[in-house]
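Values in this document were obtained by computation on a predicted structure and should not be read as measured data. As a basis for the values below, the full set of heavy atoms in this structure was taken, side chains included, without hydrogen atoms, waters or symmetry mates. Just so you know, residue 1 is the first one in the sequence shown, and it goes up from there.
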Amino acid sequence: MRKVLVINPILYTAETNKIPRVTSIKDTMIYTMCLGFLRAGCEVTLIAAEDYRPVKEEKYEFPVLWFHTVWRSVFLPRCFPYMPEIRRYLKKHKEYDIIVTSEVFATWSYTAARVAPEKTIIWHELAAYNKMLGEIPAKFWYRVVARFMMRRVRVVPRSEEAGRFIGQFMPKVEAEPVDHGVDTDKFPVAAQEAREDLFAVVSQLIPRKRIDRTLAAFAAFVREGHASFKLAVIGAGEEEEALKDASRELGIDGKVIFYGRLSHEKLLPVLARAKALLVSTEKDNNMVSIVESIALGTPVVTTSVPYNASYIRRGELGIVEDDWSADALKRVVSENEKYVKNCLAYREKLSCAACAKRFLAIME
């Protein structure tokens, strides 16, 4: 049985340096990936930053080690944490066959690349320089640290865009991306006849997600003769009250349901019944909500911003248009059966076990 160590200190996104505390990490992307390694017949251990430990103790299907971050004013825990204990752990525990780390621009990936380069795979998402301090640290890291001190490790991009970017600096970049996986056993698929006159938004309610644009497009769609449709907005954030006010001003407040933040158990059945997931973001990388929507058989209407957009367009898993409008909603409804069928055909590629097996194959 192969032993896999996953190092992913940042378990979820924090928009500010005040990291929100959660009650569980079982809905996070990296926890699901670890489940994928279990399903593939491996022993797996996860290392995460203590800053992301949930407020309640919970039982996990595999060991989760919580390491403390240091020098926090320089190495910000929300985006660039430093945990010196990782080096000591890797030097002491040589039993792992594979070490999977997240991101090239990361202190933990550098440590793994130096201590155990032949065992390390870096799962890389970014397709541009990190904006920290005007991109200066990131440019130095990629052009010097990664190019000359991390070049012996293999890199698996999470998107085509990420692969093209990191390929400028590192020689061992896999050609085929591996996106975030999902635990398909927990994802219900609704039959076409069970889908409702419903669209869904699954997002933080923050400015860069541009949910105001989604509301405006949905309002125009309703005015054009689709009064039976509703919009489920699932998520929480600083813009919640402003978005509720906007829905009232647009005359659709009776058709927009604000659910707040939901657990996967409650979220997935809503998304599975929808005609489409709606995404208007103006700044994102790979979006887990998009992966989960496709795994449910629910098409996606999105801008070209998320890196997932390339395979949505290629596989006809929905509609990709910048500044999409009510017209896109009409098309995704009229051709919904085709889009749902395409999503279901693509679903298995997104299972966490299938993603884990691709990592294992790389090291064989």
Check whether any side-chain heavy atom of [X] sits under 4.5 Å from a side-chain heavy atom of [Y], and report yes or no.
X    : Y    : answer
D197 : K275 : yes
L268 : P188 : yes
I30  : W123 : yes

Legend entry - Contact list for residues 73-86, test side-chain hydrogen bond (donor to acceptor under 3.5 Å, both in side chains), sequence neighbours left out: N17-R78
Inset, instruction - I would like to know whether R358 and E174 meet salt bridge (Lys or Arg N to Asp or Glu O under 4.0 Å); could you show each step before the answer? - result: CA-CA 11 Å; R358 289 170 66 186; E174 295 295 314; over 6 Å; no
The criterion is side-chain contact (heavy atoms from CB on, under 4.5 Å); which residues satisfy it with [X], sequence neighbours excluded?
X    : result
K131 : E135
S325 : D327
T32  : D183, C352
K244 : E240, E241, R248, F258

For [X], check side-chain hydrogen bond (donor to acceptor under 3.5 Å, both in side chains) against everything at least two apart and list the hits.
X    : answer
R53  : E50
E196 : R273
D51  : T69, R72

Inset, instruction - Sequence neighbours left out, what pairs pass ring-ring contact (aromatic ring centres under 6.0 Å, His included) with at least one residue falling in residues 319-343? - result: none
Legend entry - Sequence neighbours excluded, every pair satisfying ring-ring contact (aromatic ring centres under 6.0 Å, His included) that has a member inside residues 182-211: F199-F221, F199-F229
Inset, instruction - Show which residues join Y307 in its hydrophobic cluster (side-chain heavy-atom contacts under 4.5 Å, direct or indirect), or state none. - result: none
Inset, instruction - Could you list who else is in V340's hydrophobic cluster, with ILVMFWY side chains joined at under 4.5 Å, directly or through other members? - result: V189, L344
Inset, instruction - Inspect the surroundings of NZ in K330 and state if more than 12 heavy atoms from other residues, nucleotides or ligands are less than 6.0 Å away. - result: yes
